[in-house]
Amino acid sequence: MNRTYDLLNLRSSGNPGFARLFSRAHSHAWDIDRDVDWTQGLHTDDELVAAGWAPYSRTEAYARLSAQERAHFNRRALSWTLNSLRLGESVALEVCLKIAQGTRLDDYRNHAAAQAMDEARHHQVYVRLIEMMGEPPDEVDRATRNMFDEVLSLDELVDLVAWEQFYLESVAVNVLRGVRDHATHPLIKKVFSLNLRDEARHLGFGVLFIQEHFKTLNLEDRIAFARRWLNQILTLSFGGQDPVAIQRLTRWLYESGVADSVQTAMNMLNQQGVVLQQELEAVFRGERIPQELKSAQQAGLLAPEILEALGLQNHPVILGTLRSADPVFE
């Protein structure tokens with residue numbers, strides 16, 4: 001009886017931004033079969049994504065590979081990404097269901113329910129793409145699985161949203177944007193464009209939620225919260241493709257037909273340092289800011305008093321973020 005009465009009297013957060021996000025979940029909804037042309041095959045020698053997206057694909061060693069070797073290397077990288085995204089969507093779906101069950105605010109619950117539908121659709125799309133590639137998906141690395149296990153163990157609303165909609169969705173937006181921008185196959189570009197639009201909305205919920213949460217905290221607690229998440233964000237690869245262990249890199253090259261796969265992998269590793277330095281300098285200049293940092297700035301984690309308390313006011317990555325004119329969302 002009390003539970004039923006409770007459901008009849010759920011209240012709103014009072015922030016109209018959450019209602020707008022829920023409205024967009026309907027206006028932006030798309031159908032897997034109606035809006036995507038699945039007759040476009042993913043043939044064995046299709047490149048799928050252009051050079052510059054896959055790990056180490058901006059090195060001289062990668063450029064020296066044959067066209068066929070590069071195409072197969074890109075496919076292995078995409079297979080790995082698709083499988084990781086497939087797992088991430090399943091985790092997000094579980095988290096959204098937990099949020100919908102746990103919150104007593106109707107606009108939070110509505111968004112979580114709508115996002116759960118999106119995540120189920122995304123999972124199905126990635127499964128279909130993996131099947132169409134016609135090869136075993138590359139396994140998800142242990143660190144990623146351990147992180148997802150940690151997220152699934154959470155119960156507090158603020159922890160769930162901070163991990164899923166604020167942080168992981170920021171990471172996902174980087175990944176999806178990279179694939180969309182480098183996709184050479186129309187099916188890959190279409191799917192990632194549609195998914196990216198959904199994920200940007202999910203991320204918007206996370207940023208709004210953290211903004212509202214910050215209003216309830218005193219300065220000391222805001223500093224502690226920012227310290228926890230900036231420590232996570234500032235140790236990333238700054239929005240680039242995830243790092244790949246030498247064993248996986250060598251296997252990708254071998255499976256792509258590269259005869260001297262071990263030496264080529266070592267050359268890629270040695271040359272990657274220059275590429276990473278160029279990426280980092282672009283962040284310093286404010287030319288290329290990863291979504292994680294944009295989200296942190298929008299949510300209030302880069303407020304002057306917080307940066308001063310954490311000793312980050314002169315951090316070159318923070319300074320680059322603050323001087324950037326990049327939009328927070330596309």
Side-chain angles (χ1 to χ4, degrees), residues 40-85 126 129-130 132-141 171-193 195-196 236-283 285 287-291 326 330:
Q40 307 168 90
L42 302 179
H43 303 297
T44 303
D45 292 329
D46 285 346
E47 186 181 39
L48 302 183
V49 287
W53 171 77
Y56 308 100
S57 64
R58 281 182 283 170
T59 63
E60 293 180 7
Y62 174 90
R64 287 196 293 269
L65 300 178
S66 70
Q68 186 178 48
E69 289 168 345
R70 290 196 299 270
H72 282 271
F73 183 87
N74 289 354
R75 289 175 68 91
R76 297 314 301 154
L78 183 60
S79 172
W80 180 47
T81 299
L82 287 171
N83 209 28
S84 299
L85 289 170
Y126 293 137
L129 287 176
I130 290 171
M132 290 180 65
M133 291 182 73
E135 53 195 64
D138 215 87
E139 62 180 317
V140 180
D141 62 90
V171 175
V173 163
N174 283 324
V175 174
L176 269 62
R177 186 179 292 141
V179 177
R180 181 204 61 187
D181 292 347
H182 289 83
T184 57
H185 193 287
L187 176 59
I188 300 296
K189 184 174 286 290
K190 180 67 172 181
V191 165
F192 275 80
S193 296
N195 283 1
L196 180 60
L236 284 181
S237 58
F238 302 105
Q241 176 61 276
D242 288 340
V244 176
I246 182 64
Q247 295 89 344
R248 190 188 297 268
L249 176 59
T250 303
R251 176 166 55 80
W252 284 358
L253 291 166
Y254 177 79
E255 292 172 350
S256 300
V258 179
D260 55 344
S261 56
V262 175
Q263 184 59 56
T264 301
M266 295 303 299
N267 293 341
M268 284 182 168
L269 283 172
N270 292 333
Q271 296 165 10
Q272 183 71 359
V274 176
V275 175
L276 293 176
Q277 183 62 39
Q278 292 171 345
E279 289 184 350
L280 190 56
E281 289 173 357
V283 175
R285 295 190 298 269
E287 297 171 358
R288 179 181 174 275
I289 306 301
Q291 186 60 56
D326 284 352
E330 291 190 336

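The two residues G52 and S57 have their closest heavy-atom pair at N-OG, 2.9 Å. Listed here is the closest heavy atom pair of W80 and V140: NE1-CA, 4.4 Å. Among all heavy-atom pairs drawn from D45 and A71, the shortest one is O-CB, 3.8 Å. Nearest heavy atom pair, residue R180 against residue K189, reads O-NZ, 2.6 Å. Taking every heavy atom of both residues into account, I246 and A265 meet most closely at CD1-CB, 3.6 Å. Across all non-hydrogen atoms, the minimal contact from R248 to E139 is NH1-O, 2.9 Å.
From M133, atom CE reaches atom CG of L48 across 5.5 Å, with rounding to the nearest 0.5 Å. Interatomic distance, CD of E281 versus CG of L276, reported as 11.0 Å (0.5 Å rounding). Interatomic distance, CZ of R251 versus OG of S256, reported as 10.5 Å (0.5 Å rounding). Going from atom CD of Q68 over to atom CD of E47 covers 12.0 Å, rounded to the nearest 0.5 Å. To the nearest 0.5 Å, atom CG of residue L253 and atom CE of residue M268 are 5.0 Å apart. Between L42 atom CG and E135 atom CD the span is 9.5 Å, to the nearest 0.5 Å.
The shortest distance between side-chain heavy atoms of F192 and V49 does not fall below 4.5 Å. Put simply, the side chain of T59 does not reach to within 4.5 Å of the side chain of N267, judged on heavy atoms. The side-chain heavy atoms of T250 and M266, taken from C-beta on, include no pair separated by under 4.5 Å. Side-chain contact between P137 and L82: absent, with no pair of heavy atoms (C-beta onward) separated by less than 4.5 Å. Between V179 and L196, the closest side-chain pair of non-hydrogen atoms is not below 4.5 Å.
Between the side chains of Y62 and N74, at least one donor N or O lies within less than 3.5 Å of an accepting N or O.
Within a 6.0 Å sphere centred on NZ of K190, heavy atoms belonging to other residues, nucleotides or ligands number 12 at most.
Using modelled atom types, no side-chain atom of D138 and backbone atom of S79 make a donor-acceptor pair closer than 3.5 Å. Side-chain atoms of Y56 never come within 3.5 Å of backbone atoms of L249 as a donor-acceptor pair (strictly under, hydrogens ignored).
Of the residues V171, N195, D181, the one that meets the side-chain contact (heavy atoms from CB on, under 4.5 Å) test with L176 is N195.
Under the 30°/60° scheme for interplanar angles, the aromatic rings of F73 and W252 are found to stand perpendicular.
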